Amino acid sequence: MLGSAGSLIFDALCLLGARLIALALQGRKLPELWIGLFFMLTSPGAWLMLRALELRGHDTAAHPMAVAGLSLIGLGTVPVYVFTCTVFRAGERWALGLAVAGSLLVLWGCFAQLGGFSLHIDASRPRLELVLGRLLCFGWATAESLRMYFLMRRRVAVGLADPVLSNRFLLFALWSAAMGLLPGLHALDRLLGGATGYLRLLAVFPKGIGVCMFVAIFLNFFPPRAYLRWLRRGAEADA
């Protein structure tokens, strides 16, 4: 299921996360830190979960891999809540409350999916708390990014904002929207298609979404000069 291409995608996302964390530590940039932590937790978590599904019923390592993978995925959602709250709604109490509530919902859903302290994973269907917590996380991030993008685009049109900054909000919206597809597809396929359909789904979508995520985040935080020139030329032509 994973193959060399799938493993390379997860490796690339981990390296991107490490690069973002290094960038954050060098310049004390918290947004890069939160997204870097997300990749450093979620990428190995997703890889472990997929490997556990491949080995299920054939290898005793499948269970501990699934426990570790799901735990990392749950923990990796929290930095995205923190990112959205601090970058888009800094100082707003309702946003802090939403970030805390959403993080607790995801962590509780992950704990319940693992069977609590027994660690007997409930494989019958995804926990509603886990799915809703992740949908809320990435849906909120997408909505806030698009709101800022359309606001900045109007300013770019009259020469009051940087087209590169405006594009960064669009790229982040694309990334978070792609991430939000996973929990939704996960829940839908497990409820309608059963385990076999779920395995077919996992063979395709995480790889495609992983490529979209990598491209969007790379262009956001490490844009090539040619890409920046293209954005500025486009803004000048529109003006």
Side-chain angles (χ1 to χ4, degrees), residues 13-14 16-25 27-46 49 68-114 116 126-152 165-187 209-210 212-214 216-217 220-221:
L13 291 173
C14 278
L16 180 59
R19 183 69 183 90
L20 285 168
I21 291 175
L23 184 65
L25 294 176
R28 297 182 180 181
K29 300 177 180 179
L30 288 179
E32 284 83 350
L33 175 63
W34 303 133
I35 300 302
L37 286 173
F38 165 81
F39 280 118
M40 290 298 290
L41 291 168
T42 303
S43 297
M49 282 296 295
L70 187 58
S71 300
L72 288 172
I73 289 172
L75 290 171
T77 309
V78 176
V80 182
Y81 271 114
V82 178
F83 175 92
T84 306
C85 178
T86 55
V87 171
F88 296 106
R89 298 288 181 177
E92 299 190 35
R93 291 185 178 181
W94 71 264
L96 177 60
L98 182 60
V100 171
S103 297
L104 291 176
L105 185 64
V106 167
L107 294 176
W108 173 257
C110 182
F111 181 72
Q113 193 82 61
L114 290 172
R127 292 287 303 197
L128 182 61
E129 303 96 320
L130 180 58
V131 173
L132 287 179
R134 285 175 61 78
L135 282 174
L136 175 62
C137 174
F138 299 109
W140 184 25
T142 302
E144 293 289 0
S145 299
L146 287 176
R147 180 182 67 86
M148 287 301 300
Y149 168 68
F150 288 118
L151 177 64
M152 294 294 293
L165 180 59
S166 174
N167 181 254
R168 291 189 71 184
F169 288 115
L170 177 61
L171 288 170
F172 193 79
L174 293 173
W175 171 79
S176 55
M179 276 304 306
L181 285 174
L182 283 175
L185 290 170
H186 177 171
I209 290 174
C212 292
M213 286 179 1
F214 181 85
I217 290 296
N220 198 322
F221 291 100

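In this text the structure is predicted, and so the values were computed from the model without any measurement.
- Taking all atoms of both residues into account, the shortest heavy-atom contact from Phe88 to Arg147 is O-NH2, 4.0 Å.
- With a 4.5 Å cut-off on side-chain heavy atoms, Tyr149 and Phe172 do not count as touching.
- When all heavy atoms of Thr142 and Ala177 are compared, the closest pair comes out as OG1-N, 3.1 Å.
- Thr42 and Gly76 make their closest contact through OG1-CA, 3.7 Å (heavy atoms, listed as atom of the first residue, atom of the second, distance).
- Without hydrogens or angle criteria, Ser166 side chain to Met152 main chain gives no donor-acceptor distance under 3.5 Å.
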Task: Residue pair Leu136, Leu98: steps toward the side-chain contact (heavy atoms from CB on, under 4.5 Å) verdict - done: CA-CA 9 Å; Leu136 175 62; Leu98 182 60; 3.8 Å; yes

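- Every pair passing salt bridge (charged side-chain N to carboxylate O under 4.0 Å, His left out) that includes a residue from residues 80-89 is listed here, sequence neighbours excluded: Arg89-Glu92, Arg89-Glu144.
- The CZ atom of Phe38 sits 11.5 Å away from atom CG of Leu20, with the distance rounded to the nearest 0.5 Å.
- Within the structure, salt bridge (charged side-chain N to carboxylate O under 4.0 Å, His left out) contacts touching residues 98-111 (residues at least two apart or in different chains) do not occur.
- Distance check: Met148 CE to Leu170 CG gives 13.0 Å after rounding to the nearest 0.5 Å.
- Rounded to the nearest 0.5 angstrom, Ile217 CD1 and Phe39 CZ are separated by 4.5 Å.
- Within the model, atoms CD1 of Ile35 and CE of Met40 stand 14.0 Å from one another, a figure rounded to the nearest 0.5 Å.
- Contact record, Pro79 with Leu37: CG-CB, 4.0 Å, taken as the closest heavy-atom pair.
- Annotation for Ala141 and Thr84: closest pair CB-OG1, 3.5 Å, computed over non-hydrogen atoms.
- Note: Trp175 and Phe138 have perpendicular aromatic rings, judged against thresholds of 30 and 60 degrees for the angle between ring planes.
- In this structure, CG on Leu114 lies 10.5 Å from CZ on Arg127, to the nearest 0.5 angstrom.
- The shortest distance between side-chain heavy atoms of Arg134 and Met179 falls below 4.5 Å.
- The distance from the CH2 atom of Trp34 to the NZ atom of Lys29 is 16.0 Å, given to the nearest 0.5 Å.
- Closest of all the heavy-atom pairs between Ser71 and Cys110 is CA-SG, 3.8 Å.
- With contacts defined as side-chain heavy-atom distances shorter than 4.5 Å, the pair Val78/Val106 does not qualify.
- Between Leu107 and Leu75 the shortest side-chain heavy-atom distance falls below 4.5 Å.
- No side-chain heavy atom of Trp140 sits under 4.5 Å from any side-chain heavy atom of Ser176.
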